[in-house]
Number of protein chains: 2
Amino acid sequence: MPPPPAARAKVLRAFAELLVESGERAATLEAVADRAGVSKGGLLYHFPSKDALVDGVLDHLSALTSADVETMRAAPEGAADYLLRTSTVIDGEFGVVYLAVSRLAQGPYPRARDVLDEAQAAWTQTVREELGDPVLSRAVSLMGEGLYALASFGATGLGDREIDDLLVLVRDVAAARATTARPRA
Amino acid sequence: MPPPPAARAKVLRAFAELLVESGERAATLEAVADRAGVSKGGLLYHFPSKDALVDGVLDHLSALTSADVETMRAAPEGAADYLLRTSTVIDGEFGVVYLAVSRLAQGPYPRARDVLDEAQAAWTQTVREELGDPVLSRAVSLMGEGLYALASFGATGLGDREIDDLLVLVRDVAAARATTARPRA
DNA sequence: GTCTATAATCAGATAGAC
DNA sequence: GTCTATCTGATTATAGAC
C-alpha cells in the first residue's frame, strides 16, 4: 500500500498535544489545523468531522497500548519498574496520547472510557504476572495512575529519586510477601 | 449577616456536577443555569462572568480542603484509611468539587492547579504524620490520586473489598518498616 | 489532496423590564 | 434578585475553486 499521508499523522499528533496542554475546550478544529500546519479544510479532508478525529486518536491509543504491553512484558528491569517510570513521562508519544484520551473520556465519548479501561486492565495483569501478589499489583497499578494524574495537571511532580524509593519499597514488599513465614530473609 | 442566597450555592453545585459528569465543554452557562433552576441572567447576577464562576468553585474547594484535612487528622480509623476510602467517593460534596477542579486544571486556569497542589501536599503530609515513613506515605497518597482518577472516568472501580486489602497491605508494611530489625513481630 | 469562503449553530455577555 | 431579549464572537461543517 502507498505510504499513509503525513498530514494525517501530524493532525492526530497536534490534536493530542492540544488536548493535553490546553484541555478539551482549546482543541478546536482551527487550533488543531494551525498546529499541524494545514488549513481547516485540509484537516476536514482527512477527518470529515470532529467525531472522526476523536475516533482517530482512540484507535491510535489502542494500537500503542498493545505495543506498550509487549514492551512492558519484555522489559529487563521488570514490569512494575517499567510502569512506574513511564507513568511520569508525559511527553513521549504514548504519554501524550494516553493523557489525551483520558481527557476525552471526561466528555461525551464513551468509547474513550473503554479504551482506557482496557489499558488499565492490561497493565495490572502484566504487573501481576511479575509480582504474583494481586493486592500489591493493584497498588502498583494505582500508583501509576496517580502519577499520570499528577503529571497531567503539572503538579509538583515526583523526580527520579522518589520513583527509585517507591520501587525499592515495592521490591521489598514483594520479597516479604513471597516468603510467607519470615519476611525479608 | 443575612443568610447567603440559596441560588448561589445551587449554581456552584450545578457547575461542579456538570464538569464531573460531562466535562468542561458541556458546562456552559446555559446548562449550569438550567440545572440550578435559574435563568442565564439570574446566574450572571451572582457570577458576573464565567471566570467568576470558576473562581467560585476554586474558593469552595479551598475551604472544603481545610475542613477535610482536619477531619482526616482526627479520624479514628487513621489518616491513610480515611484517605483511601474517601478517594472512591465521588458523589459526596468533596469528591464532586475536587474532581470538578481537577478538570478545570486542564484548561486555562492556573489557579486550579495551585489549589489541587495544596490539597495533595496537605494529604501527603497528614498521612506521613501517621505512618512516619515518607516513601510509604507517598505511595498511599499516589494510590488515593489513582483511585480518584479511575473513579472519575467511571472505570471498573474498586470495591470495598479491594480497598480493605490495600489497607491491610499498608498497615503490614508500616509495621514492618517501624521495627527496623525484625519486621512483623 | 489542500485551499478559501461562507453558512448554521452555539457560547458568553449586556441591557433593561419586573 | 431574577427574568427575557438581544448582540457579538467563536466553532463546526459545507461548497466549490485550484
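Numbers restart at 1 for each chain; the letters A, B, ... are given by sequence-line order, proteins then strands. Keep in mind that the numbers below use all heavy atoms, side chains included, and drop hydrogens, waters and symmetry copies.
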Identify, with sequence neighbours excluded, every residue that meets side chain to side chain contact (heavy atoms under 4.5 Å, CB included) alongside [X].
{"X": "B/A9", "value": "none"}
{"X": "A/A112", "value": "A/L58, A/V101, A/L104, A/A105, A/Y109"}
{"X": "A/S66", "value": "none"}

Item to check | Where chain A begins and ends its contact with DNA chain D, read 5' to 3' at 4.0 Å from heavy atoms | outcome: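 Boundary nucleotides touching chain A, in 5' to 3' order, are D/dT11 to D/dT14.
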Checklist entry - Are A/D164 and A/R85 close enough, and set up right, to give a salt bridge (charged side-chain N to carboxylate O under 4.0 Å, His left out), and what steps lead you there? => result CA-CA 9 Å; A/D164 287 344; A/R85 288 194 201 281; 3.0 Å; yes
Pairwise N/O distances under 3.5 Å, protein to nucleotides 11-13 of chain C:
unit_1 : atom_1 : unit_2 : atom_2 : d
C/dA11 : O3'    : A/R25  : NH2    : 3.3
C/dG12 : OP1    : A/R25  : NH2    : 3.1
C/dG12 : OP1    : B/K50  : NZ     : 2.8
C/dG12 : OP2    : B/L29  : N      : 2.9
C/dG12 : N7     : B/K40  : NZ     : 3.4
C/dG12 : O6     : B/K40  : NZ     : 3.4
C/dA13 : OP2    : B/K50  : N      : 2.9
C/dA13 : N6     : B/K40  : NZ     : 3.4

Item to check | Euclidean distance, A/Q125 CD relative to A/R128 CZ, rounded to 0.5 Å | outcome: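 Rounded to the nearest 0.5 Å, the CZ-CD separation comes to 6.5 Å.
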Item to check | CZ on A/R161 to CG on A/L166, rounded to 0.5 Å | outcome: 11.0 Å
Checklist entry - Is any NZ, NE, NH1 or NH2 atom of the basic residue among B/E24 and A/R103 found under 4.0 Å from an Asp or Glu carboxylate oxygen of the other? => result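 Looking at B/E24 and A/R103, the cut-off is not met.
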Item to check | Side-chain donor or acceptor of A/E162 paired with backbone N/O of A/G159 under 3.5 Å | outcome: yes
Next on the checklist: Below 30° counts as parallel, above 60° as perpendicular, anything between as tilted: where do the rings of B/Y148 and B/W123 land?
Outcome noted: parallel
Next on the checklist: Could you work out how much the helix from C/dG1-D/dC18 to C/dC18-D/dG1 bends, comparing the axis of its first five pairs with that of its last five, to 10°?
Outcome noted: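 Nearest ten degrees gives 10° for this helix.
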Checklist entry - Any chance the side chains of A/S141 and A/Q120 put a donor and an acceptor closer than 3.5 Å? => result yes
